[in-house]
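Since the structure comes first, as structure tokens, the remarks are kept for the end.
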Protein chains: 2
Amino acid sequence: MSSESTSHKDKKVISIGIVRELTGLSLRQIRYYEERKLIFPVRNEKGTRRYSFSDIEKLIEIANKREEGVQTNEIRREMNKETKPVEKRMLKEMLRGQFNAHFRNNSNNKPF
Amino acid sequence: MSSESTSHKDKKVISIGIVRELTGLSLRQIRYYEERKLIFPVRNEKGTRRYSFSDIEKLIEIANKREEGVQTNEIRREMNKETKPVEKRMLKEMLRGQFNAHFRNNSNNKPF
DNA sequence: CGTGTAAGGAATTCTGACACG
DNA sequence: CGTGTAAGGAATTCTGACACG
């Protein structure tokens with residue numbers, strides 16, 4: 001009876017055509033932003049790309065930045081700066097040396 | 001700034017091939033269950049079906065029922081019995097006679 | 001640098017139908 | 001009733017490349 005905390009936001013199930021519809025970007029742009037390491041779709045057996053809702057949100061952010069004239073290199077730097085909250089907390093914990101303590105007898109951890 | 005309360009669970013963005021991967025059902029079965037009014041994918045401009053995560057969960061339920069030998073007709077009846085929470089609340093409101101009050105200054109939606 | 005486009009091939013999806021049962 | 005399959009067509013996706021700038 002476990003409910004996935006990441007919900008469906010990070011499941012890579014959306015094909016590039018739908019991403020185009022949802023973001024308004026061209027296929028060329030979507031693939032190019034992958035080449036520039038801004039997004040990371042997975043591939044299924046046949047090699048076609050699959051995106052998540054998170055990827056789509058990221059692409060919309062990218063599109064906005066690009067409209068402001070920000071280059072892909074700069075966008076990548078900005079995105080790496082904002083580490084996600086969960087990761088931040090994990091990082092802190094590890095630095096505190098409490099990483100092991102936390103997982104010792106608490107196998108069903110609730111991060112929030 | 002608004003966060004959708006239905007999250008991404010009901011967004012119809014998944015193609016039938018991915019649904020096959022996620023459910024283990026054949027394309028034939030997935031299309032047939034639609035014909036039997038058990039699921040309701042949307043179509044994009046070109047006519048290809050798009051499913052939501054909810055649809056996938058529904059299909060898994062259907063697959064389980066079918067394995068038990070339950071017929072599609074019976075499955076449909078069972079599913080119609082369990083009305084969803086949101087719909088239940090709307091139903092209550094309508095019965096209370098507050099339906100019109102609720103939509104009074106909001107003429108842009110035509111309920112069914 | 002970022003994006004468009006034409007090119008050829010491979011994989012996807014669609015519908016209506018026949019089959020079995 | 002529920003599902004498989006072959007059939008033909010239309011739409012999708014992929015890659016590498018040339019173009020402009």
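Residue numbers begin at 1 in each chain, while the letters A, B, ... track the order of the sequences. Owing to the predicted nature of the structure, the values given are computational and were not obtained by experimental measurement.
Of the side-chain N and O atoms in A:Thr48, none sit less than 4.0 angstrom from OP1 or OP2 of C:dT12. Taking only side-chain nitrogens and oxygens, B:Arg49 never comes nearer than 4.0 Å to OP1 or OP2 of C:dT13. An OP1 or OP2 oxygen of D:dC14 is reached within less than 4.0 angstrom by no side-chain nitrogen or oxygen of A:Lys46.
Under the ring-ring contact (aromatic ring centres under 6.0 Å, His included) criterion, no residue pair touches residues 58-80 of chain A, with sequence neighbours excluded.
Per the geometry, CD belonging to A:Gln29 stands 11 Å off P belonging to C:dG2, to the nearest Å. Put simply, CG on A:Asn73 is 7 Å from P on C:dG2, counting in whole angstrom units. We find that CD of A:Glu67 is positioned 15 Å from P of C:dG2, with the value rounded to whole Å. For B:Leu59 and D:dG2, the CG to C1' distance is 15 Å, given to the nearest whole Å. Protein atom CD1 of B:Ile30 is 16 Å distant from nucleotide atom C1' of C:dT15, rounded to whole Å. Following rounding to the nearest Å, A:Lys65 (NZ) and C:dG2 (P) show an atom-to-atom distance of 14 Å. Rounded to whole angstrom, the span from the CZ atom of B:Arg31 across to the C1' atom of D:dG4 amounts to 12 Å.
Using a cut-off of 4.0 Å between Lys/Arg side-chain N and Asp/Glu carboxylate O, A:Arg77 and A:Glu74 are scored as salt-bridged.
B:Val70 is listed as a side-chain neighbour of B:Glu78, based on a closest heavy-atom distance under 4.5 Å. B:Ile16 has its side chain within reach of B:Arg31: a pair of non-hydrogen atoms, C-beta onward, lies under 4.5 Å apart. Within the 4.5 Å cutoff, the side chain of A:Tyr32 has heavy atoms near those of the A:Glu35 side chain.
The shortest non-hydrogen separation linking A:Arg50 to A:Asn44 is NH2-ND2, 3.1 Å. Here the closest non-hydrogen pair linking A:Tyr51 and A:Ser15 is CD1-C, 4.3 Å.
Of the residues near DNA chain D, A:Leu27 and B:Thr72, the one whose nearest nucleotide (by heavy atom distance) lies more toward the 5' end is B:Thr72.
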Intermediate values then yes/no, side chain to side chain donor-acceptor pair (under 3.5 Å), A:Asp10 and A:Ser54: CA-CA 6 Å; A:Asp10 296 314; A:Ser54 296; 2.6 Å; yes
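For the contact set between residues 32-45 of chain B and DNA chain D, defined by any heavy atom under 4.0 Å, the members are B:Tyr32, B:Tyr33, B:Arg36. Using a 4.0 Å cutoff on non-hydrogen atoms, the parts of residues 13-21 of chain B near DNA chain C are B:Ser15, B:Ile16, B:Gly17, ordered by number.
Taking B:Arg66 as the reference, B:Tyr33, B:Ile62, B:Thr72, B:Ile75 meet the side-chain contact (heavy atoms from CB on, under 4.5 Å) condition, with sequence neighbours excluded.
Considering only the side chain of B:Ser26, D:dG4 comes nearest among D:dG4, D:dG2, C:dG2.
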What's touching nucleotides 5-9 of chain D from the protein side, N or O pairs under 3.5 Å?
| residue | atom | partner | partner atom | Å |
| --- | --- | --- | --- | --- |
| D:dT5 | O4 | B:Arg28 | NE | 3.3 |

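Ring geometry for B:His8 against A:Phe53 counts as parallel: the plane angle stays under 30°, on a 0 to 90° scale with 60° as the upper cut.
Residues A:Val19 and A:Val42 fall into different hydrophobic clusters, defined by Ile, Leu, Val, Met, Phe, Trp and Tyr side chains chained together at heavy-atom separations under 4.5 Å.
For A:Lys12 (side chain) and A:Phe40 (main-chain N/O), a donor-acceptor pair under 3.5 Å exists by modelled atom type. Panel note: side chain B:Arg76, backbone B:Arg36; a donor-acceptor pair is recorded below 3.5 Å.
Note that the CG atom of A:Leu59 and the CG atom of A:Leu25 stand 6.0 Å from one another [nearest 0.5 Å].
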Encoded 5' to 3' (Watson-Crick or G-U under 3.5 Å; [ ] crossing; | other strand), DNA chain C becomes .||||.||.|.|.||.||||.
